[in-house]
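In what follows, a structure is listed as structure tokens, so that the remarks can point back to it.
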Amino acid sequence: MQTRHLGSLSVSALGLGCMGMSDFYGSGDEHESIATIHRAIELGCTFFDTSDIYGPFTNERLVGKAIAPHRDNVVLATKFGNVRGEDGSWLGINGRPEYVLSACDASLSRLGIDHIDLYYQHRVDNTVPIEETVGAMASLVAKGKVRHLGLSEASAQTIRRAHSVHPIAAVQTEYSLFTRDVEAEILPTVKELGIGFVAYSPLGRGILTGAYKHKSDFAEDDSRASDWYPRYAGENFDHNVALAGALGSLASAKGCTPGQLALAWVLSRGPDVVPIPGTKRRTYLEENVKAVDIELGDADVAWLDEHVGRPLGDRYADMGTVNR
């Protein structure tokens, strides 16, 4: 496994998003999820991503339990800012300094660790100046509770303001062949500032793998079966499945799967770009990890640009929480 850098933080070139092990994509299996994390470590994938809201709260406990025997050999990222109740209800976004401090302590307790390697603000709170939120995050670094700071779904302007308060190691935003709006301002900004970029949902929430052809492929408790993600709703879904099908011919020529090709494309975006595909099964993990061995030339990238069109539908039903 290759390594890449998020600011001064060294991580595996491919990370593992752990959200789906506990939330949003149907029921999980704790035994298989922990086995998947352990297998990831065996394969050299040492960058793990979670959040307090996944579950809610249960994913941090699961990840903490899984990494406990390997703590010194992994980089652990978690997040605060999106607020949910114990019953799963959504309670808004909170970036107030006092909340930052209490949320960190709660995450440390659930994870069973004494420091967080990379601590993100999950969503920007537009009612609180980013300088105040990052100032509180910086105090956590000073106390030794956090090693590096990150932002998720932040605008280029917000990133600059945050970085002026304390170095930001990573910005996390959705990025894939289907989601490329970050290329206009965000990627140039983070590259200029020496900030790493973490690409979540690099497989388009699964649609780029070619594994999903019909809405009936999703369980009732899978959020992709609802209207939460417009790209998976109604006629948009059929259109987008057809677009993703274009990956098949080049994948066959490369001797890989469509999903591996989609991940290789994200990896080709630069040495400071780290995709974190999510899975809760060892079989998919082992498939994903092989993407680091796929080399794409300029002609391959040009072919993908030409043949994989832009999807229909927004990323979320409510794009109001995305800081632009």
Side-chain angles (χ1 to χ4, degrees), residues 15-30 32-33 36-37 48-63 77-93 120 122-123 152-153 172-179 181 198-241 243-244 259 262-263 275-281 283-285 288 311-323:
L16 176 61
C18 299
M19 179 188 77
M21 296 175 177
S22 304
D23 211 356
F24 297 109
Y25 295 160
S27 58
D29 178 327
E30 180 173 314
E32 177 61 21
S33 294
T36 299
I37 292 173
F48 299 94
D49 183 274
T50 182
S51 172
D52 57 1
I53 67 160
Y54 301 158
F57 315 121
T58 57
N59 194 244
E60 285 185 325
R61 296 188 181 99
L62 184 153
V63 173
T78 192
K79 315 177 195 73
F80 75 92
N82 278 330
V83 185
R84 292 177 76 182
E86 291 285 350
D87 61 354
S89 58
W90 292 86
L91 304 177
I93 299 173
Y120 292 100
H122 207 159
R123 290 293 186 273
S152 178
E153 293 286 1
Q172 180 179 143
T173 301
E174 185 171 350
Y175 188 36
S176 70
L177 277 165
F178 264 13
T179 302
D181 47 307
V198 176
Y200 77 82
S201 296
L203 293 171
R205 302 188 187 280
I207 203 168
L208 290 168
T209 66
Y212 304 108
K213 304 293 187 183
H214 309 283
K215 291 290 286 187
S216 58
D217 292 336
F218 303 111
E220 290 185 4
D221 58 349
D222 190 318
S223 59
R224 291 170 294 185
S226 69
D227 294 329
W228 186 271
Y229 303 115
R231 290 179 181 176
Y232 279 80
E235 296 180 355
N236 289 354
F237 177 73
D238 295 331
H239 174 86
N240 296 337
V241 166
L243 287 181
L263 290 175
I276 52 168
T279 185
K280 50 190 173 184
R281 297 181 179 88
T283 52
Y284 295 137
L285 167 77
N288 291 343
L312 294 180
D314 284 332
R315 297 192 284 125
Y316 296 102
D318 178 9
M319 289 291 289
T321 64
V322 175
N323 180 235

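Note that the numbering runs from 1 along the sequence shown for the chain. The basis for the numbers below is simple: all heavy atoms, side chains too, and nothing from hydrogens, waters or symmetry mates. Being a predicted model, the structure only gives us computed values, none of them experimental.
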Quick check for you: to the nearest 0.5 Å, what is the distance between [X] atom [atom1] and [Y] atom [atom2]?
X	Y	atom1	atom2	value
L285	K280	CG	NZ	14.5 Å
I276	Y175	CD1	OH	15.0 Å
T78	Y120	OG1	OH	10.5 Å
Y229	Y316	OH	OH	6.0 Å
I207	F178	CD1	CZ	5.5 Å
L243	L312	CG	CG	7.0 Å

Closest non-hydrogen atom pair between P202 and S176, with its separation:
O-CB, 3.3 Å
Heavy-atom nearest pair, P56 first then G85, reads CG-O, 3.3 Å
Contact between [X] and [Y] at the side-chain level, heavy atoms closer than 4.5 Å - yes or no?
X	Y	answer
W90	I53	yes
E60	V63	no
R205	Y25	yes

Indicate yes or no for a side-chain donor-acceptor contact from [X] to the backbone of [Y] under 3.5 Å, with no hydrogens or angles considered.
X	Y	answer
D217	K213	yes
R231	P311	no
N59	C18	yes
N82	H122	no

Would you call D49 and K79 a salt bridge, taking side-chain N to carboxylate O under 4.0 Å as the test?
yes
Would you please test L62 and S22 for side-chain contact (heavy atoms from CB on, under 4.5 Å) and show each step?
CA-CA 8 Å; L62 184 153; S22 304; 4.2 Å; yes
Does the pair Y212 and Y232 meet the rule for a ring pair (Phe, Tyr, Trp, His ring centres under 6.0 Å), with working shown?
CA-CA 10 Å; Y212 304 108; Y232 279 80; 7.2 Å; no
T36 and T279: side-chain contact (heavy atoms from CB on, under 4.5 Å), yes or no, with the steps?
CA-CA 8 Å; T36 299; T279 185; 4.3 Å; yes
Can you tell which of L208, L263, T209 makes a side-chain contact (heavy atoms from CB on, under 4.5 Å) with P277?
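For P277, the side-chain contact (heavy atoms from CB on, under 4.5 Å) test succeeds with only one of L208, L263, T209, which is L263.
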Is the ring pair F237/F218 parallel, tilted or perpendicular, if the boundaries are 30 and 60 degrees?
perpendicular
Under the salt bridge (charged side-chain N to carboxylate O under 4.0 Å, His left out) rule, what do R84 and D52 come out as? Steps first, then yes or no, please.
CA-CA 9 Å; R84 292 177 76 182; D52 57 1; over 6 Å; no
Determine whether R315 and E153 satisfy the following criterion, salt bridge (charged side-chain N to carboxylate O under 4.0 Å, His left out), listing intermediate values before the conclusion.
CA-CA 12 Å; R315 297 192 284 125; E153 293 286 1; 2.7 Å; yes
For D238, the side chain to side chain contact (heavy atoms under 4.5 Å, CB included) test, sequence neighbours excluded, returns none
